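All values reported here derive from a predicted model rather than from experimental measurement.
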Amino acid sequence: MSDEPEPSDDEEELREALERERFRRQRAENRVELHEKRLEQLEKRRREKIREFFDDVVEGLDVDDEAGDPRE
């Protein structure tokens, strides 16, 4: 026999509640990490789209320069 007394029902309930809280917090942290990663991906894609847009604009300007200014 052990010198430690058996845990009471209250202690067992508290342990179970603590374990549920740890699990809930871990899930919340995981969700936050997933959202942060998704935001990073969206921001990266947004920057790529902006870069593509300005590349297209610059290419369009280059074409206009080669053809000459139509106002001349």
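- Between Lys49 and Arg45 the shortest side-chain heavy-atom distance falls below 4.5 Å.
- For the atom pair CZ (Arg38) and CD (Glu36), the distance works out to 14.5 Å, reported to the nearest 0.5 Å.
- For the pair Arg51/Glu48, a side-chain contact is recorded, criterion being any heavy-atom separation below 4.5 Å from C-beta on.
- Put simply, CG on Asp55 and CD1 on Ile50 are 12.0 Å apart, with the number rounded to the nearest 0.5 Å.
- Among residues two or more places apart in sequence or in another chain, the side chain to side chain donor-acceptor pair (under 3.5 Å) test is passed with Arg24 by Glu21.
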request  = Could you please spell out the steps behind the salt bridge (charged side-chain N to carboxylate O under 4.0 Å, His left out) verdict for Glu11 and Arg15?
outcome  = CA-CA 6 Å; Glu11 289 174 323; Arg15 283 192 183 113; 5.1 Å; no

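- For Glu43 and Arg47, the salt-bridge test passes: some basic side-chain N is under 4.0 Å from an acidic carboxylate O.
- Annotation: the span from Arg31 atom CZ to Gln26 atom CD amounts to 11.0 Å, rounded to 0.5 Å.
- Counted within 6.0 Å of CG on Asn30, heavy atoms from surrounding residues, nucleotides or ligands total more than 12; the atom is thus considered enclosed.
- The side-chain heavy atoms of Glu19 and Glu16, taken from C-beta on, include no pair separated by under 4.5 Å.
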